[in-house]
2 protein chains.
Amino acid sequence: MAKAERIRIYDVARVAGVSVATASKALNDTGRMTEQTRERVKQTAAALGFRPNAMARALTQQRSFTIGLLTNDTYGRFTLPVMAGVAEALVDQGVSVFLCGIEDDAALGQIHVDAMRDKQVDGIIAAGKRIDRRLPVDLSNLAIPVVYVFTEGPEDAITLVSDDEQGAREAVEWLVQLGRQRVVHITGPASFASVTARETAYRDVVGAGAQVLNGPWSEAWGHEAVAKLWDAEGPHPDGIFCGNDQIARGVVDALRERGVDVPGDVSVVGFDNWEIVAAATRPPLSTVDMNLKEMGREAGRLILQLAEGKAVPAGIRKLPCKLLVRQSCGSALRASHSNGEARLGI
Amino acid sequence: MAKAERIRIYDVARVAGVSVATASKALNDTGRMTEQTRERVKQTAAALGFRPNAMARALTQQRSFTIGLLTNDTYGRFTLPVMAGVAEALVDQGVSVFLCGIEDDAALGQIHVDAMRDKQVDGIIAAGKRIDRRLPVDLSNLAIPVVYVFTEGPEDAITLVSDDEQGAREAVEWLVQLGRQRVVHITGPASFASVTARETAYRDVVGAGAQVLNGPWSEAWGHEAVAKLWDAEGPHPDGIFCGNDQIARGVVDALRERGVDVPGDVSVVGFDNWEIVAAATRPPLSTVDMNLKEMGREAGRLILQLAEGKAVPAGIRKLPCKLLVRQSCGSALRASHSNGEARLGI
DNA sequence: CAGCTTTGATAAAACGGTTTCTCACACAGC
DNA sequence: GCTGTGTGAGAAACCGTTTTATCAAAGCTG
């Protein structure tokens, strides 16, 4: 099969016996003409396998059907699901996504933003890995719509973040519902906004007797925190709400090594639903899912609206988290909705 | 700051007092003119902040400075580093990357390939997660250069894969060098080409007394395999080469639970260098890194060559793996080169 | 049947660049 | 002084679409 010359609308018009203008209008369902003519052009185009040149089209219209996804988290745990959601929301509309990792590098960020502008993207989605940090790029005064996802944006921007407080509340309430009396919170560094948000919710639910341990976001810290708690005087906790899944995994491992039964003696809940960690924990970890993919979908929808010129009210939108119950809490009354078990290749 | 109208080359020409043609030639370092004129145009362009419209440029030239990255592994462990490498190799050349996840879905794949063609990408990189599986898309007869990475391509294609045999050989030789006498191999399903490649190398090095256990690619299988080995009669292994890091982590955990010292009694090596698993294992896991990022870089370089019309010989290129020594083997004589500790956010 | 409106289709002008061709001019050679 | 030659610059064509303006023919109206 010869690599055929690409068919242009000119060819379609010639074969269909009409002018280029008519062909264009027929294919785009615009303008006026006999239904018969329109149909003939369409069939000719289909028969010839005509596909319009997106560059030429973008030049005349004001749309390139292209958006830029700028991310800090190349290509980490947070941006990944977001990307998947964005792509999912846009593929139906024929919109393609430029992926640009900027790695906390302002210069690199500028390069990518410039490249995006040159390539006339219809919008930019800026995605991060912390909701209390800005990306090292200036996207204001850009004449291109911008949506911020899981990162801090300017005051008057459209920003999508997770509702950490609500997620944490659900998790802790679940532990309390299970009858746990002494629930502690082992979490990350207090410098993170999500840490304080989750902690606030935790204290709200637990009330007096709240106990929070801050440390690094690591399995090792989970071990260490358990050691602290169990080596201390007095009654041990019977419920542990962890700031993320890595800490939770460390906690569960440490408890097992001490002969403490999870979920028999202690219920443990994590945060993030990082499948690879949560599903491999023994027993599998109950955890809070931030619905990052849905966040991506929503970002895609919003940027599309903006690209089409529709107005979207600015402000911060918190998207709800969802508690995902596995086996680390016991008594799984709540439906599991195990959405997507880890598909682990080699 | 008003969102200024975009500066066109027309504006540059007018301000510089030359024709559009001259301006274009000045900026692209083509054509003939006084060095003085050229410089004046360039300075005018810089002063005005002129940036050429990539769409318009792509229409006349035959380059869109855009490539498509088609991946099966949305957005998993293998494609991620590959993407990073690709992007790194291309950003300097002003080439942007369309990321398209196709999820083993032929229809979705076709949609994305069509979208790429419409958008006139200069090349396509097809990346997978298994070197013995094809992507569910037909990229032959495409009139656009294609490079296959970490996936099986057509016979006459340009394909980049990891050299599993060499990597496995290095790992096992390292165990033997350390004085390990009874090295076993716990690995994934035999249906994977990489499993047989690694096994072949293992048997080559170990010779008589080789023992291979196949199972799923999971931590659980690591536990199970250790149980089988240690519950059996006769002397226990003193070296274990694992088919991936998850299995290795299961093995190390299982050994610790049995009171077997790693690396004192047994040396363990994994495969993949999946930081989040390998670095969190206690002790941190020695493992084989497949250099996926370098594979991505090479793919980027190749696709660039092809896009520029240069010929590149077809065939399968195996890129070497690198043994990364951490603490699960003992006696770390070999330099560690711990390239990039896990940067774990919240 | 003259005058007006609607209809179907087209020619031509964008879009924002690059590239090919043409041309005026200065300069050297005879 | 006339011709050839290189040089700097610009006019115009082109890339492949969309869109606007135009127009002939047909259909109505009174």
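Bear in mind the structure is a predicted one, so any value in this text is a computation, not a measurement. We name chains A, B, ... by the order of the sequence lines, and we start the count at 1 in each one. All values below come from the heavy atoms of this structure, side chains included, with hydrogens, waters and symmetry mates left out.
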Handout entry: Exercise: do A:S96 and B:K119 side chains pair donor with acceptor under 3.5 Å
Key = yes
Exercise for the section: Select base, sugar-phosphate, or nothing to describe what A:S24 touches, counting heavy atoms under 4.0 Å on all strands. Expected result: base
Handout entry: Protein-nucleotide distance (A:R63, atom CZ; D:dT19, atom P), rounded to Å
Key = 12 Å
Completion exercise
Looking only at C:dT19, C:dT18, D:dT18, the nucleotide nearest the B:N28 side chain is C:dT18
Practice task
Rounded to the nearest angstrom, tell me the gap between atom CG in B:L59 and atom C1' in D:dC14.
Solution key: 9 Å
Exercise for the section: Go through D:dG8, C:dA9, C:dG17 for me and flag the one nearest to the A:T37 side chain. Expected result: C:dA9
Exercise for the section: Grab the NZ-P distance between A:K119 and C:dC15 for me, whole Å please. Expected result: 23 Å
Handout entry: A:T71-A:D73 side chain donor-acceptor pair, cut-off 3.5 Å
Key = no
Handout entry: Contact under 4.0 Å: B:S19 side-chain N or O vs D:dG10 OP1/OP2
Key = yes
Practice task
Record whether the side chain of A:K25 comes under 3.5 Å of the base of D:dT17 through a donor-acceptor pair of N or O atoms.
Solution key: no
Fill in the blank from the handout: Against the side chain of B:T34, the closest entry in D:dT19, D:dA9, C:dG16 is D:dA9
Practice task
Assign B:V18 to base, sugar-phosphate, or nothing according to its heavy-atom contacts below 4.0 angstrom with the strands shown.
Solution key: sugar-phosphate
Exercise for the section: Mind calculating the distance between CZ (B:R14) and C1' (D:dG10) to the nearest angstrom? Expected result: 17 Å
Practice task
In whole angstrom, give the distance that lies between atom CZ of A:R117 and atom P of C:dG16.
Solution key: 14 Å
Fill in the blank from the handout: The answer to which of A:A23 and A:T60 contacts DNA chain C further toward the 5' end, by nearest nucleotide, is A:A23
Handout entry: Any side-chain donor near an acceptor of the partner, B:R57 and B:N28, under 3.5 Å
Key = yes
Practice task
Compare the minimum distances between each of C:dT18, D:dT19, C:dG16 and the side chain of B:R57, then state the nucleotide with the smallest one.
Solution key: C:dT18
Handout entry: Which nucleotide in D:dG16, C:dA11, C:dG17 has an atom nearest any side-chain atom of A:N53
Key = D:dG16
Handout entry: Test: A:R6 and A:D11 ion pair at under 4.0 Å
Key = no
Exercise for the section: Grab the CE-P distance between A:M55 and D:dT17 for me, whole Å please. Expected result: 12 Å
Handout entry: Separation of D:dT17 P from A:Q120 CD (nearest whole Å)
Key = 18 Å
Practice task
Could you tell me whether A:T30 contacts a base, only the sugar-phosphate backbone, or nothing, with contacts defined as non-hydrogen atoms closer than 4.0 Å?
Solution key: nothing
Handout entry: Side-chain N,O (A:T22) to OP1/OP2 (C:dG8) below 4.0 Å
Key = no
Practice task
Consider only side-chain N and O atoms of B:N72 and B:D104, and report whether a donor and an acceptor are under 3.5 Å apart.
Solution key: yes
Problem - Rounded distance (Å) that lies between atom C1' of C:dG8 and atom CD of A:E39 - result: 17 Å
Exercise for the section: Could you check whether B:R32 gets within reach of a base, just the sugar-phosphate, or nothing at all, counting any heavy atom under 4.0 Å? Expected result: base
Exercise for the section: Answer yes or no: is there a donor N or O on one side and an acceptor on the other, between the side chain of A:D114 and the main chain of A:I111, under 3.5 Å? Expected result: no
